[in-house]
A.B. asks: 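Could you have a look at this structure, given as structure tokens, before my questions?
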Amino acid sequence: MSPPPCDALPTAANNIQPFLVLHKAAASSVPSSRSQRQIQTSQPSSPNRKSANRCRQPAGEECEDEGDSELYEQLRAEAFHRTWSKIQSTIDEVLRAINLKLFDQVLQWAKESFASAHAITKKHHTEVQQPYPLLTDVICRRIPTVFVLTKNAEFVDDITTFHDLAGHMKSNGCHIVKLSAAELSAKHGVGGCFRSLLGQLLSDVPDVADVSALASWYCEAENFDQPIIVIIDDLEQCSGDVLGEFVMMLSEWVFKIPVFFVMGIATTLDAPKKLLSSEALQRLEPCKLTLGSPSDRLNALVEAVLVKPCTGFCISHEVALFLRNYFFRHDGTITSFITALKLACSKHFSMEPLSFLCIGMVEEDSEEFWHDKFESLPQTIRKHAFDLPSSKNARNSCNMVEGLSRLLKSQKDWSSVLLCLYEAGRHDKVQLLDIFCEAASPDWQTENAPDNYLFASKVALLGVKSGSAKRFIAQVMNTIRYLPTEILLHILEVWSIHLKGMSEINDRVKELLSKGCGADSVRAKRKSTANTGNGVVLINEEAAALLQDVIRKYLVPAECLPFHEIVCFKNVDILRSALIGNPRRMIQLDLLRSQSHLKCSCCSRSGAAVSGSLHDTSILCSLAQEYGDMINLHDWYTAFEGIIKSTNSKAKGKSCSSPSKKKKKSNPTPLEGDGMIQARFCSAVTEMQVTGLVRMPSKRRPDLVQRIAFGP
């Protein structure tokens with residue numbers, strides 16, 4: 001078989017593909033002697049060749065270090081997957097437990113509505129397909145509907161909620177149909193919506209989709225005597241006309257086919273009145289339920305994932321502040337908080353060489369785990385452990401194991417005290433994440449505080465340093481002093497549970513609890529001396545003094561302890577750049593420095609000049625740096641055309657002056673015409689428009705393109 005002609009070979013000019021930033025290989029598969037010399041003198045790019053050169057060294061230490069780095073990199077990856085899988089499962093359990101109360105309410109509502117429908121008339125499954133009598137009573141044509149107020153500005157949090165709701169209802173015997181806002185749009189109409197309903201219930205949807213097909217399916221023995229729950233997760237995004245017509249159609253058959261609605265509402269419960277007509281609203285029998293607020297769900301997640309040591313991974317004070325601000329900046333979206341937390345976890349395990357030791361925090365015998373791991377560490381990683389800023393005094397493995405053990409115990413005590421603060425602060429609407437951010441600050445290292453005055457000054461100083469207008473821990477302390485006796489006694493009971501591992505403090509809590517519960521005269525004294533305040537503040541002041549003493553001794557943040565860098569992620573700048581980055585600027589930087597990523601020799605030799613071997617978009621992006629806000633299209637194209645033609649002429653000159661004596665008989669590659677260059681120019685400009693670097697010409701100025709991204 002003869003080789004294909006040279007014209008048929010793909011070239012960078014003929015193969016115009018959007019967003020392709022890779023060089024094309026040369027047409028000839030056999031390099032010349034000159035190119036062979038260049039390959040031999042160039043730096044090796046293959047990892048095998050690189051490792052082979054390292055292994056040729058007499059000491060052989062670099063080859064061993066490379067193998068160790070790959071091994072511990074794999075250990076860190078496994079530790080990350082193990083840690084995050086535990087965090088993710090904990091998050092799922094917490095959210096499921098929060099939603100379970102709502103799910104049970106919806107299920108109870110469905111059972112009661114179905115029982116009410118049966119109480120009106122007891123029909124046999126053979127009567128469902130009989131001709132439907134016209135009903136004049138509007139009550140018999142009302143569809144039971146529950147409106148679930150989610151209070152979420154972003155719909156992304158509701159996706160999981162309604163998915164779990166559908167599974168919960170289906171597991172309890174209900175027929176489930178899920179309709180999205182796209183299916184209830186004007187584009188699909190009520191016919192497409194009803195066809196989607198039939199497609200989720202019937203195994204074979206008829207060509208003509210009408211209610212009689214649904215009736216025939218429901219009259220089957222295995223489908224009869226169970227309600228059909230239609231879940232619409234985002235009511236406000238639906239078309240009001242389509243949804244209203246859908247409601248009117250089903251209401252005519254609700255007397256025989258029990259179809260109930262579950263509709264999710266994000267803003268207010270008045271949304272159906274704004275969306276549906278009065279006639280459609282009259283066909284609904286509403287019931288209103290409310291999902292837990294995003295702040296309540298966040299408090300539960302922070303307690304389960306960050307406060308309680310479920311994995312050993314923790315975050316610093318600055319990272320906690322960033323996560324809190326990131327949560328509120330995204331309208332209180334739980335998904336955004338989880339995404340940011342996962343990114344922080346992945347960054348920690350990818351950056352910290354000793355982060356794989358983090359999983360020892362949840363091992364049964366942590367000290368033995370850390371001792372065995374540390375003894376097997378290579379010298380370079382062991383040196384890194386002793387060079388950590390928080391472990392300058394450590395010199396051997398015993399110091400490291402002792403430091404990590406102290407860190408583990410301190411974190412448990414810190415978590416217990418934090419939960420006690422939150423239990424008291426929730427009665428004054430203090431959020432757990434606010435207390436967490438304040439308690440995680442290194443300024444709370446008050447172990448050596450000599451008196452109460454220094455403690456109070458620390459509290460006041462923290463509010464100034466953290467930049468917060470409110471000092472939440474001080475607010476909690478003030479709340480305890482004025483709580484009623486009944487509430488305070490309940491808080492003390494919860495404290496005794498949280499402080500179970502701290503026997504000395506727990507005994508003092510039980511002593512306070514016995515004082516409050518032992519005598520009825522305490523309450524009488526509080527009532528009789530309410531005006532003077534002598535008896536009111538007796539037990540409250542003791543509780544406040546106890547909590548103050550516990551805070552001074554045990555509220556020690558992780559950042560104040562040795563070796564905390566192993567388990568604590570502190571680099572908030574990397575997290576901020578990853579989550580709130582400037583993608584448009586990064587695209588421009590990658591286009592301007594594409595030769596550094598490709599590591600090719602043809603582009604690097606050109607120096608400051610723009611090489612024609614670059615991708616067309618990189619060429620245009622480099623030429624755009626010479627202009628201001630507006631780019632003249634004619635000048636831009638002229639410069640681009642000059643670079644392309646200059647590259648083609650150089651390639652033709654090299655082929656003519658080739659030193660090879662034996663030349664194959666092949667037709668020379670034809671030079672590109674003006675049409676092909678213009679097509680390449682238009683394609684590159686379109687790519688820059690799609691990536692958000694330029695704005696296309698307007699009707700007023702068709703010869704100018706506006707730049708959007710500036711700077712190097």
Side-chain angles (χ1 to χ4, degrees), residues 99 102-103 106 110 113 141-150 152-170 174-218 223 226-254 257-267 269 271-277 279-281 283-287 289 291 335:
N99 295 332
L102 173 70
F103 296 168
V106 175
S113 300
R141 291 185 291 176
R142 299 182 67 182
I143 302 177
T145 304
V146 59
F147 295 110
V148 179
L149 181 61
T150 61
N152 290 326
E154 292 291 338
F155 175 67
V156 63
D157 282 351
D158 300 333
I159 297 176
T160 306
T161 301
F162 284 100
H163 179 270
D164 294 341
L165 174 61
H168 183 76
M169 300 294 288
K170 189 173 183 179
C174 300
H175 304 298
I176 299 299
V177 175
K178 290 187 64 178
L179 298 178
S180 63
E183 292 170 323
L184 286 163
S185 61
K187 177 182 178 182
H188 294 86
V190 68
C193 172
F194 190 73
R195 179 173 291 276
S196 177
L197 182 146
L198 294 178
Q200 298 182 46
L201 295 176
L202 280 67
S203 58
D204 187 13
V205 180
D207 296 335
V208 180
D210 55 5
V211 187
S212 60
L214 179 63
S216 62
W217 171 85
Y218 186 73
N223 303 325
Q226 290 295 338
I228 301 174
I229 309 297
V230 179
I231 299 178
I232 302 173
D233 45 23
D234 196 0
L235 172 68
E236 291 144 308
Q237 299 299 322
C238 300
S239 172
D241 297 335
V242 175
L243 181 58
E245 187 178 354
F246 186 62
V247 169
M248 296 292 293
M249 180 183 65
L250 291 180
S251 65
E252 299 293 339
W253 284 80
V254 70
I257 305 175
V259 178
F260 305 155
F261 282 127
V262 176
M263 300 183 181
I265 302 175
T267 55
L269 290 172
K273 297 181 181 179
K274 302 176 183 178
L275 186 68
L276 299 174
S277 62
E279 187 179 5
L281 287 173
R283 300 295 181 94
L284 298 178
E285 185 179 353
C287 173
L289 297 176
L291 190 64
T335 305

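Worth knowing before you read on, the calculation uses all heavy atoms, side chains too, and leaves out hydrogens, waters and symmetry mates.
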A.B. asks: About how many Å separate CH2 of Trp217 and CG of Asp204, when rounded to the nearest 0.5 Å?
C.D. replies: 14.5 Å
A.B. asks: Measuring from atom CD of Glu285 to atom OG of Ser113, what distance do you get when rounded to the nearest 0.5 angstrom?
C.D. replies: 6.5 Å
A.B. asks: So Lys178 and His163, do their side chains get closer than 4.5 Å, heavy atoms only?
C.D. replies: yes
A.B. asks: Would you compute the distance between atom CG of Leu179 and atom CG of Leu235 and round it to the nearest 0.5 angstrom?
C.D. replies: 12.0 Å
A.B. asks: Nearest 0.5 angstrom please: Asp234 CG to Leu184 CG, how far?
C.D. replies: 10.5 Å
A.B. asks: Check the pair Leu289, Val106 against side chain to side chain contact (heavy atoms under 4.5 Å, CB included), reporting the backbone distance first and the verdict last.
C.D. replies: CA-CA 8 Å; Leu289 297 176; Val106 175; 3.7 Å; yes
A.B. asks: Only one of Leu214, Leu250, Ile176 clears side chain to side chain contact (heavy atoms under 4.5 Å, CB included) with Ile228; which?
C.D. replies: Leu214
A.B. asks: Please check: side-chain N/O of Ser216 versus main-chain N/O of Ala213, any donor-acceptor pairing under 3.5 Å?
C.D. replies: yes
A.B. asks: With a 4.5 Å heavy-atom cut-off, do Thr150 and Asp157 have their side chains touching?
C.D. replies: no
A.B. asks: Looking at side-chain heavy atoms only, is the closest gap between Asp233 and Asp158 below 4.5 Å?
C.D. replies: no
A.B. asks: Report the C-alpha distance between Ser212 and Asp210 in whole Å, list the side-chain angles of each, state the deciding distance to 0.1 Å, and finish with yes or no for side chain to side chain donor-acceptor pair (under 3.5 Å).
C.D. replies: CA-CA 5 Å; Ser212 60; Asp210 55 5; 2.7 Å; yes
A.B. asks: Can you name the nearest heavy-atom pair linking Pro286 to Phe147, along with the distance?
C.D. replies: CB-CE1, 3.6 Å
A.B. asks: Do Ile232 and Leu243 come close enough that some side-chain heavy atom pair is under 4.5 Å?
C.D. replies: yes
A.B. asks: Please state whether the rings of His175 and Tyr218 are parallel, tilted or perpendicular, taking 30° and 60° as the class boundaries.
C.D. replies: perpendicular
A.B. asks: Decide if atom CG of Asn223 counts as having more than 12 heavy atoms of other residues, nucleotides or ligands within a radius under 6.0 Å.
C.D. replies: yes
A.B. asks: Of all the heavy-atom pairs spanning Arg195 and Pro206, show the shortest one and how long it is.
C.D. replies: NH1-O, 3.5 Å
A.B. asks: Can Trp253 and Val259 be said to form a side chain to side chain contact (heavy atoms under 4.5 Å, CB included), step by step?
C.D. replies: CA-CA 8 Å; Trp253 284 80; Val259 178; over 6 Å; no
A.B. asks: Begin from the C-alpha positions of Val211 and Phe194 and carry the test side chain to side chain contact (heavy atoms under 4.5 Å, CB included) through to its verdict.
C.D. replies: CA-CA 9 Å; Val211 187; Phe194 190 73; 4.1 Å; yes
A.B. asks: Compare every heavy atom of Leu269 with every heavy atom of Pro272, then report the nearest pair and how far apart it is.
C.D. replies: CD-O, 3.3 Å
A.B. asks: Give the minimum heavy-atom separation between Ile229 and Cys174, together with the two atoms involved.
C.D. replies: CG1-CB, 3.9 Å
A.B. asks: Going from CD1 on Ile159 to OG1 on Thr335, what distance comes out if it is rounded to the nearest 0.5 angstrom?
C.D. replies: 7.5 Å
A.B. asks: With no hydrogens and no angle check, is any side-chain donor or acceptor of Arg142 less than 3.5 Å from a backbone partner on Arg283?
C.D. replies: no
A.B. asks: Do Leu276 and Leu284 have side-chain heavy atoms sitting under 4.5 Å apart?
C.D. replies: yes
A.B. asks: Do you know the tightest heavy-atom contact between Val190 and Met249?
C.D. replies: CG2-CE, 4.3 Å
A.B. asks: Find the distance between OG (Ser196) and CG (Leu201) and round it off to the nearest 0.5 Å.
C.D. replies: 9.5 Å
A.B. asks: Taking all non-hydrogen atoms of both residues, which atom of Phe260 and which atom of Ala110 are closest, and how far apart?
C.D. replies: CE1-O, 3.8 Å
